[in-house]
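Working notes, beginning with the structure itself.
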Amino acid sequence: MEVAVKALSPGINDPGTAILSLQVLGHLLKFRSEYYPKHAIVDRDNVSRIFVKERTFEEIFAECIYPIWDYGKHDRLLTMELHHILLLLWTQTTRPVFDKMLNEIRRSTMYQDIELGFKGT
(Lines give C-alpha, C1' and ligand atoms only; values in the text may rest on other atoms or scores of the structure.)
Protein backbone atom coordinates (compact mmCIF):
# COMPACT_ATOMS: atom_id res chain seq x y z
CA MET A 1 0.00 0.00 0.00
CA GLU A 2 2.74 2.42 0.94
CA VAL A 3 4.60 1.83 -2.33
CA ALA A 4 1.44 2.57 -4.31
CA VAL A 5 0.68 5.75 -2.37
CA LYS A 6 4.26 7.02 -2.70
CA ALA A 7 4.24 6.22 -6.41
CA LEU A 8 1.11 8.36 -6.80
CA SER A 9 2.64 11.34 -4.99
CA PRO A 10 3.23 14.43 -7.16
CA GLY A 11 6.98 14.22 -6.58
CA ILE A 12 7.25 10.72 -7.99
CA ASN A 13 4.15 10.48 -10.23
CA ASP A 14 4.59 6.85 -11.29
CA PRO A 15 1.13 5.31 -11.82
CA GLY A 16 2.72 2.20 -13.34
CA THR A 17 4.33 1.31 -10.02
CA ALA A 18 1.06 2.04 -8.23
CA ILE A 19 -0.77 -0.31 -10.60
CA LEU A 20 1.80 -3.08 -10.11
CA SER A 21 1.41 -2.63 -6.36
CA LEU A 22 -2.37 -2.91 -6.71
CA GLN A 23 -2.01 -6.11 -8.70
CA VAL A 24 0.18 -7.67 -6.00
CA LEU A 25 -2.24 -6.51 -3.30
CA GLY A 26 -5.05 -8.13 -5.27
CA HIS A 27 -3.25 -11.48 -5.19
CA LEU A 28 -2.54 -11.14 -1.48
CA LEU A 29 -6.15 -10.19 -0.71
CA LYS A 30 -7.44 -13.17 -2.67
CA PHE A 31 -5.11 -15.49 -0.76
CA ARG A 32 -6.13 -14.01 2.60
CA SER A 33 -9.82 -14.27 1.73
CA GLU A 34 -9.41 -18.02 1.27
CA TYR A 35 -6.96 -18.88 4.05
CA TYR A 36 -7.35 -18.02 7.68
CA PRO A 37 -4.46 -17.92 10.14
CA LYS A 38 -4.63 -19.94 13.31
CA HIS A 39 -6.07 -18.07 16.26
CA ALA A 40 -4.36 -20.13 18.94
CA ILE A 41 -0.91 -21.52 19.57
CA VAL A 42 -0.96 -24.94 21.19
CA ASP A 43 1.56 -26.80 23.34
CA ARG A 44 2.84 -30.35 22.86
CA ASP A 45 -0.36 -31.71 24.37
CA ASN A 46 -2.46 -29.76 21.88
CA VAL A 47 -3.76 -27.43 24.59
CA SER A 48 -4.28 -23.84 23.48
CA ARG A 49 -1.86 -21.61 25.37
CA ILE A 50 -1.70 -18.36 23.41
CA PHE A 51 -4.66 -16.77 21.66
CA VAL A 52 -4.05 -14.34 18.82
CA LYS A 53 -6.58 -11.73 17.80
CA GLU A 54 -6.45 -11.44 14.03
CA ARG A 55 -7.69 -8.47 12.07
CA THR A 56 -10.73 -9.19 9.97
CA PHE A 57 -10.49 -9.36 6.22
CA GLU A 58 -12.52 -6.16 6.00
CA GLU A 59 -10.04 -4.35 8.24
CA ILE A 60 -7.10 -5.54 6.16
CA PHE A 61 -8.88 -4.54 2.95
CA ALA A 62 -9.67 -1.07 4.30
CA GLU A 63 -6.09 -0.51 5.48
CA CYS A 64 -4.64 -1.57 2.12
CA ILE A 65 -7.07 -0.32 -0.52
CA TYR A 66 -8.76 2.82 0.81
CA PRO A 67 -5.54 4.88 1.14
CA ILE A 68 -4.64 4.05 -2.46
CA TRP A 69 -8.14 4.93 -3.62
CA ASP A 70 -8.22 8.15 -1.62
CA TYR A 71 -4.90 9.26 -3.05
CA GLY A 72 -5.32 8.01 -6.63
CA LYS A 73 -9.01 8.20 -7.47
CA HIS A 74 -8.35 11.01 -9.94
CA ASP A 75 -5.92 8.88 -11.96
CA ARG A 76 -7.59 7.17 -14.91
CA LEU A 77 -5.20 4.21 -15.09
CA LEU A 78 -5.45 3.52 -11.37
CA THR A 79 -9.25 3.78 -11.42
CA MET A 80 -9.57 1.28 -14.24
CA GLU A 81 -7.04 -1.15 -12.75
CA LEU A 82 -8.63 -1.04 -9.30
CA HIS A 83 -12.03 -1.65 -10.89
CA HIS A 84 -10.63 -4.59 -12.85
CA ILE A 85 -8.91 -6.14 -9.81
CA LEU A 86 -11.99 -5.76 -7.63
CA LEU A 87 -14.21 -7.30 -10.31
CA LEU A 88 -11.91 -10.33 -10.42
CA LEU A 89 -11.91 -10.60 -6.63
CA TRP A 90 -15.68 -10.13 -6.54
CA THR A 91 -16.20 -13.06 -8.95
CA GLN A 92 -13.75 -15.32 -7.10
CA THR A 93 -14.77 -14.68 -3.48
CA THR A 94 -17.89 -14.02 -1.45
CA ARG A 95 -16.73 -10.89 0.39
CA PRO A 96 -19.29 -8.03 0.43
CA VAL A 97 -16.51 -5.47 0.93
CA PHE A 98 -15.77 -5.76 -2.80
CA ASP A 99 -19.35 -4.72 -3.68
CA LYS A 100 -19.04 -1.61 -1.55
CA MET A 101 -15.75 -0.53 -3.12
CA LEU A 102 -16.90 -1.33 -6.66
CA ASN A 103 -19.96 0.85 -6.12
CA GLU A 104 -17.76 3.67 -4.85
CA ILE A 105 -15.53 3.42 -7.92
CA ARG A 106 -18.54 3.39 -10.27
CA ARG A 107 -19.89 6.55 -8.61
CA SER A 108 -16.57 8.36 -9.00
CA THR A 109 -16.27 11.19 -11.50
CA MET A 110 -13.21 9.63 -13.14
CA TYR A 111 -14.98 6.31 -13.75
CA GLN A 112 -18.07 8.04 -15.14
CA ASP A 113 -15.89 10.11 -17.49
CA ILE A 114 -14.14 6.94 -18.67
CA GLU A 115 -17.48 5.17 -19.23
CA LEU A 116 -18.78 8.12 -21.25
CA GLY A 117 -15.62 8.05 -23.35
CA PHE A 118 -16.15 4.36 -24.15
CA LYS A 119 -19.80 4.88 -25.05
CA GLY A 120 -18.97 7.85 -27.25
CA THR A 121 -16.56 5.88 -29.47
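Separating the CZ atom in Phe31 from the CG atom in Leu28 is a distance of 9.0 Å, to the nearest 0.5 Å. Residue Leu89 holds its CG atom at 6.5 Å from CD of Gln92, rounded to the nearest 0.5 Å. To the nearest 0.5 angstrom, Met110 atom CE is 9.5 Å from Leu77 atom CG. We find the CZ-NZ distance between Arg95 and Lys30 to be 11.5 Å, quoted to the nearest 0.5 Å. Within the model, atoms CG of Leu86 and CD1 of Ile105 stand 4.5 Å from one another, a figure rounded to the nearest 0.5 Å. Considering CD of Glu104 and NZ of Lys73, their distance stands at 6.5 Å, rounded to 0.5 Å.
Applying the ring-ring contact (aromatic ring centres under 6.0 Å, His included) rule to Phe51 yields no partners; only residues at least two apart in sequence or on another chain are considered. Under the rule for a ring-ring contact (aromatic ring centres under 6.0 Å, His included), Tyr36 has no partner lying at least two apart in sequence or in another chain. Qualifying ring-ring contact (aromatic ring centres under 6.0 Å, His included) partners for Tyr71, counting only residues two or more places apart in sequence or in other chains: none.
For the pair Thr91 (side chain) and Leu88 (backbone), a donor-acceptor distance under 3.5 Å is present.
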May I have the list of side-chain donor-acceptor pairs in residues 8-27 shorter than 3.5 Å, sequence neighbours left out?
{"residue": "Ser9", "atom": "OG", "partner": "Lys6", "partner atom": "O", "Å": "2.7"}
{"residue": "Asp14", "atom": "OD1", "partner": "Gly16", "partner atom": "N", "Å": "3.4"}
{"residue": "Asp14", "atom": "OD1", "partner": "Thr17", "partner atom": "N", "Å": "3.4"}
{"residue": "Asp14", "atom": "OD2", "partner": "Thr17", "partner atom": "OG1", "Å": "2.4"}
{"residue": "Ser21", "atom": "OG", "partner": "Thr17", "partner atom": "O", "Å": "2.9"}
{"residue": "Gln23", "atom": "NE2", "partner": "Glu81", "partner atom": "OE2", "Å": "3.1"}

Listed pairs under 3.5 Å, donor-acceptor, residues 56-66 side chains, sequence neighbours left out:
{"residue": "Thr56", "atom": "OG1", "partner": "Glu59", "partner atom": "N", "Å": "3.1"}
{"residue": "Glu59", "atom": "OE1", "partner": "Thr56", "partner atom": "N", "Å": "2.8"}
{"residue": "Glu63", "atom": "OE1", "partner": "Arg55", "partner atom": "NH1", "Å": "2.1"}
{"residue": "Glu63", "atom": "OE2", "partner": "Arg55", "partner atom": "NH1", "Å": "3.2"}

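The environment of CD in Glu2 is sparse: at most 12 heavy-atom neighbours from other residues, nucleotides or ligands sit within 6.0 Å. Around CZ of Arg106, the count of heavy atoms belonging to other residues, nucleotides or ligands within 6.0 Å exceeds 12. For CH2 of Trp69, the number of neighbouring non-hydrogen atoms (other residues, nucleotides, ligands) closer than 6.0 Å is greater than 12.
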**Report entry** Criterion side-chain contact (heavy atoms from CB on, under 4.5 Å) on Asn103 and Arg107, from CA distance to verdict
**Finding:** CA-CA 6 Å; Asn103 288 332; Arg107 286 190 311 268; 3.6 Å; yes
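Under the 4.5 Å side-chain contact rule for hydrophobic residues, Leu78 and Val3 do not share a cluster.
Screening residues 39-48 for side chain to side chain donor-acceptor pair (under 3.5 Å), with sequence neighbours left out, gives Asp43-Arg49.
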